[in-house]
Amino acid sequence: MMTLAAAVAAVSLNAQVYVGGNVGIANIDNGNDDETVYSLLPEVGYNLNSDIALGVQFGWSKGNLYSEYGDLTLGDVSLTHTFEVNPYVRYTFVHAKAIDVFFDGGFGYKHYNGEGDQFSVGLKPGIALNLNDKFSLVAHVGFLGYQNFNPKGDGDNTNVWGIDVDGNHVQLGVNIKF
């Protein structure tokens, strides 16, 4: 018991908690009327050491029903509210003076209100610009992995395997370390 307590204390002393996340808003003109889409994705994490962190991103959005890989054709669905949770393990493999390069490996769950559920597992590459010891600007670009969309009702599941590193799936955020 004492060894376990000492190990937990040692890990806790070297670890740092960080909070942050992503916020997005856009106006889409689809010809007939405008749609405002938004997302609020807070994030909290725990640095186990300089290379490994555990975290979770969760949040809400209102927007077009889409997959990380692009538009899904799911009938007449155009606008929906979502809730998502994405736990991850972050491995930082490059530590430069002000830049860290990392991969977030994890799984995700996204619920499209009234439309269905999406599950994913994979890697998200990212980069952090460390402004000082406490503040970082963080960007994720793309996704490598598997996604499954399970529509509500009798619809067929949509399964996607692949890699997507185009500029349409960039997430920008801020992290604050404590």
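We number each residue from 1, following the sequence as shown.
Shown here for Gly105 and Leu123, the closest heavy-atom pair between the two residues is CA-CD2, 3.6 Å. For the pair Ser120 and Phe143, the tightest heavy-atom approach, listed with the atom from each and the gap, is CB-CZ, 4.1 Å. Contact between Asn86 and Gly108 at its shortest, heavy atoms only, is OD1-CA, 3.1 Å. Considering every non-hydrogen atom in both Lys152 and Gly114, the closest pair reads CD-O, 3.8 Å. Across all their heavy atoms, Gly21 and Asn175 have their closest contact at N-OD1, 4.0 Å. Lys110 approaches Thr82 most closely through the heavy-atom pair CG-CB, 4.1 Å.
Hydrophobic clustering (side-chain heavy atoms under 4.5 Å, transitive across Ile, Leu, Val, Met, Phe, Trp, Tyr) keeps Tyr18 apart from Phe135. In terms of hydrophobic clustering, with Ile, Leu, Val, Met, Phe, Trp and Tyr side chains grouped at heavy-atom distances under 4.5 Å, Val89 and Phe103 are assigned to a common cluster. No path of Ile, Leu, Val, Met, Phe, Trp and Tyr side chains, each step under 4.5 Å between heavy atoms, connects Leu129 with Val138, placing them in separate hydrophobic clusters.
A 4.5 Å side-chain heavy-atom check between Ile52 and Tyr91 finds at least one atom pair inside the cut-off. Looking only at side-chain heavy atoms (C-beta outward), Val94 and Asp100 stay at 4.5 Å or farther from each other. Between Gln16 and Asp133, the closest side-chain pair of non-hydrogen atoms is not below 4.5 Å. Counting heavy atoms from C-beta on, the side chains of Val101 and Thr92 never come closer than 4.5 Å.
For the pair Asn150 (side chain) and Asp117 (backbone), a donor-acceptor distance under 3.5 Å is absent.
Atom-to-atom distance recorded for Phe119:CZ and Asn148:CG is 7.0 Å, nearest 0.5 angstrom. Rounding to the nearest 0.5 angstrom, the gap separating the NE2 atom in His81 from the OH atom in Tyr112 is 13.5 Å. Here the straight-line distance linking atom CD1 of Ile127 with atom CG of Leu172 works out to 11.5 Å at 0.5 Å rounding.
Crowding of Phe83 atom CZ: a count of heavy atoms from other residues, nucleotides or ligands under 6.0 Å exceeding 12. By the neighbour-count criterion of 12 heavy atoms within 6.0 Å, atom CG of Asn132 is densely surrounded, having more than that number from other residues, nucleotides or ligands.
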Please list every donor-acceptor pair under 3.5 Å in which a side-chain atom of residues 38-45 meets a protein atom from a residue at least two apart or in another chain.
residue: Glu43; atom: OE2; partner: Tyr88; partner atom: OH; Å: 2.3
residue: Glu43; atom: OE2; partner: Arg90; partner atom: NH2; Å: 3.3

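Ring planes of Phe58 and Trp60: perpendicular class, angle over 60° (limits at 30 and 60°).
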**OP:** Carefully, step by step, assess Leu131 and Leu137 under the rule side chain to side chain contact (heavy atoms under 4.5 Å, CB included).
**Re:** CA-CA 7 Å; Leu131 302 176; Leu137 299 176; 4.0 Å; yes
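Here His140 and Phe102 bring their ring centres to under 6.0 angstrom of each other.
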